[in-house]
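Everything below concerns the one structure shown next.
Just so we're on the same page: letters track the sequence lines, and every chain starts at 1.
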Amino acid sequence: NAGVMQNPRHLVRRRGQEARLRCSPMKGHSHVYWYRQLPEEGLKFMVYLQKENIIDESGMPKERFSAEFPKEGPSILRIQQVVRGDSAAYFCASSPDEAPQHFGDGTRLSIL
Amino acid sequence: AQSVSQHNHHVILSEAASLELGCNYSYGGTVNLFWYVQYPGQHLQLLLKYFSGDPLVKGIKGFEAEFIKSKFSFNLRKPSVQWSDTAEYFCAVKSKAAGNKLTFGGGTRVLVKP
């Protein structure tokens, strides 16, 4: 049973470009969570999704950030018009119920 | 709102020493508590969790944690560390009232000298 798969592992973008981060949850898991880890800080919750629904997006910036978890395919975290402050590691976690437990390797986003 | 504090940001100790990492949370209702470990360059792995029952929880790799409700604490312990325990350790709390998302502490970086 493959773990949570995130890609790409590393993503470099220039200011103003778009970043798309993908997360394939573990098989059978219908709950997906996205967290952001800034340098020298802990993980901060961004958004919680179930299939086709956003359950809680209280940790996600109101502008430029969006997330989806379609019926088919991975969950996508999308950042439009990236800025230097978006540089961080973005982690996805999935679970079969309401307790997130399994994390992916993360995507390290660098903004030039 | 729930919050988590890990008071030690960095811990350095020698092999075979005992380790205790502090974790305090602020939410007064029913919570689930977790400790995660992140080895250098790797993803977070669950060390142990507390949902209910015995407040002394055994985890993987010889770790344990004790939930003390009156102190809002969930400290992590290991009697004798190894060099391979060098990692960053995160305490996290979850509650239904807060929407089931994990709230993490700032992490503690542990360096075990051989």
Side-chain angles (χ1 to χ4, degrees), chain A residues 2-10 21-26 29-50 53-60 67 69 75 77 88-108, chain B residues 1-10 21-27 30-53 57 59-60 74 76 87-110:
Chain A
V4 177
M5 304 298 291
Q6 287 187 252
N7 68 83
R9 290 292 304 276
H10 300 275
L21 288 63
R22 294 174 187 77
C23 170
S24 296
M26 287 181 69
H29 289 192
S30 59
H31 300 245
V32 166
Y33 302 76
W34 284 93
Y35 295 85
R36 176 165 65 175
Q37 185 178 31
L38 293 167
E40 303 300 317
E41 293 188 21
L43 282 83
K44 298 283 193 278
F45 168 79
M46 298 183 74
V47 62
Y48 164 32
L49 309 102
Q50 292 182 35
N53 291 308
I54 295 176
I55 307 302
D56 181 353
E57 57 182 349
S58 59
M60 201 153 69
F69 188 18
S75 175
L77 180 66
Y90 293 83
F91 289 92
C92 171
S94 76
S95 71
D97 50 28
E98 294 171 328
Q101 288 190 14
H102 302 271
F103 280 79
D105 287 336
T107 293
R108 277 150 184 84
Chain B
Q2 61 192 18
S3 66
V4 180
S5 294
Q6 290 181 243
H7 305 294
N8 306 102
H9 296 293
H10 294 90
L21 303 181
C23 172
N24 287 91
Y25 64 96
S26 67
Y27 184 67
T30 300
V31 293
N32 301 140
L33 296 154
F34 306 82
W35 274 99
Y36 285 86
V37 61
Q38 187 176 28
Y39 297 103
Q42 296 188 26
H43 61 273
L44 276 81
Q45 299 175 42
L46 182 67
L47 269 180
L48 47 78
K49 61 186 178 184
Y50 173 80
F51 278 23
S52 63
V57 180
I60 61 171
F74 189 55
L76 180 72
E88 190 159 14
Y89 294 81
F90 294 95
C91 181
V93 63
K94 179 182 80 70
S95 66
K96 264 199 170 170
N100 287 308
K101 58 181 177 283
L102 284 171
T103 299
F104 284 87
T108 299
R109 289 197 175 174
V110 174

Applying ring pair (Phe, Tyr, Trp, His ring centres under 6.0 Å) to B:Tyr89 and not counting sequence neighbours gives B:Phe63
Between A:Val4 and A:Ser24, is the side-chain contact (heavy atoms from CB on, under 4.5 Å) condition met? List the steps. CA-CA 6 Å; A:Val4 177; A:Ser24 296; over 6 Å; no
With B:Phe34 as partner, the option from B:Tyr50, B:Phe74, B:Phe51 fulfilling ring-ring contact (aromatic ring centres under 6.0 Å, His included) is B:Phe51
Under 4.5 Å from a heavy atom of chain B, the part of A:Gln37 involved: side chain
Considering only heavy atoms, which portion of A:Asp56 lies under 4.5 Å from any heavy atom of chain B: side chain, backbone, both, or neither? side chain
Using the test side chain to side chain contact (heavy atoms under 4.5 Å, CB included), find all partners of B:Gln6 that sit at least two apart in sequence or belong to another chain. B:Trp35, B:Phe90, B:Cys91, B:Thr108
What part of B:Gln45 lies closer than 4.5 angstrom to a heavy atom of chain A: side chain, backbone, both or neither? neither
